[in-house]
Amino acid sequence: MPKTPALLDETTLQTRIAELGKEIREVYGEDTPITCIGVLKGSIIFLSDLVRCIDGPVELEFLGVSSYRGTESTGEVRITHDLHNSIAGKHVLVVEDIVDTGLTLSYLRDMLEVREPASLRVVALLDKPSRRTSPVQVEFIGFEIPDAFVVGYGLDLDERYRNLPYVGIYQGD
Ligand code: IMP
């Protein structure tokens, strides 16, 4: 069995996500439609819990990116799935699983700004600030975590462990 001690258990995750949902709606205002862009694949479990904690109008889009192999970033961001609809004039909220070096998010912010949304903000479930090499703005953060490779709740190691219901520290098989 893999050793993945829990860093954030299910109750801790859900409590914070409910708070984030409220904070987000307050910032956008009651009736503003929010276009939530889930960054595939790691964010989808967070996204599905988060949107159920945001009252009012929400639209969903997905963007596929890949920058990691194993536990190390390749340093190169690739778009593997683009948006289906234009975001011009929309209030966009990028939903990320984790910000590590910041490379992926910097790339995404630049790429999305060019498409002229009415506003662009980011929510990340997890933030590893000690690993940052590309400074990037993140408007909403669930949890700051230490420099450890984490899996579960959508986060993977080569496609494994996404289905763990909690966020755990990967310590080898
Ligand atoms: P960055 O470009 O270095 O900020 O990395 C962002 C992406 O790398 C995230 O969206 C994740 O897919 C992946 N990633 C970074 N750290 C971890 C981790 O600890 N566990 C799983 N995936 C990670």
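For ligands, and for the atoms within them, numbers begin at 1 and follow the listed sequence. Keep in mind that what you see is a predicted model, and the values were worked out from it rather than measured. One-based numbering along the sequence shown. Note that these values count all heavy atoms, side chains included, but never hydrogens, waters or copies made by symmetry.
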Identify whether the distance between the nearest side-chain nitrogen and carboxylate oxygen of K41 and E159 falls below 4.0 Å.
->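 A salt bridge is present here (some side-chain N lies under 4.0 Å from a carboxylate O).
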Residue pairs fulfilling salt bridge (Lys or Arg N to Asp or Glu O under 4.0 Å) with at least one residue in residues 23-39, sequence neighbours excluded =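 Residue pairs with at least one partner in residues 23-39: R16-E23.
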Nearest heavy-atom pair of D97 and G42: which atoms, and what distance?
->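 Looking at all heavy atoms of both residues, the shortest contact is OD2-CA, 3.3 Å.
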Verdict with supporting geometry, I87 and L112, side-chain contact (heavy atoms from CB on, under 4.5 Å) = CA-CA 8 Å; I87 54 163; L112 294 172; 3.9 Å; yes
At a non-hydrogen distance cut-off of under 4.0 Å, which region of L155 contacts ligand 1 (side chain, backbone, both, or neither)?
->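 It is the side chain that touches ligand 1; the backbone stays farther off.
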Location of contacts on S134 toward ligand 1, heavy atoms closer than 4.0 Å =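 Looking at S134 and ligand 1, no heavy atom falls under 4.0 Å.
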Does a side-chain heavy-atom distance below 4.5 Å link C53 with K22?
->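 No, every pair of side-chain atoms sits at 4.5 Å or beyond.
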Among pairs that include at least one residue of residues 109-118, which meet side-chain hydrogen bond (donor to acceptor under 3.5 Å, both in side chains), considering only residues two or more places apart or in two chains?
->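 Pairs touching residues 109-118 that pass the test: D82-R115, R109-E139.
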Under 4.0 Å to a heavy atom of [X] - the qualifying atoms of ligand 1, by number:
X    : value
T101 : 1 (P), 2 (O), 3 (O), 4 (O)
D97  : 9 (C), 10 (O), 11 (C), 12 (O)
E96  : 10 (O)
L103 : 2 (O), 4 (O)
A148 : 19 (O)

Please confirm whether [X] comes under 4.0 Å of ligand 1, counting heavy atoms of the residue only.
X    : value
G42  : no
D156 : yes
V150 : yes

Look at atom 16 (N) of ligand 1 and find which of K128, R131, R132 reaches it with the closest heavy atom.
->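 Among K128, R131, R132, the closest heavy atom to atom 16 (N) of ligand 1 comes from K128.
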Kindly assign one of parallel, tilted or perpendicular to the pair Y28 and H91, based on the angle between their ring planes and the thresholds 30° and 60°.
->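 Because their plane-to-plane angle is over 60°, the rings of Y28 and H91 count as perpendicular.
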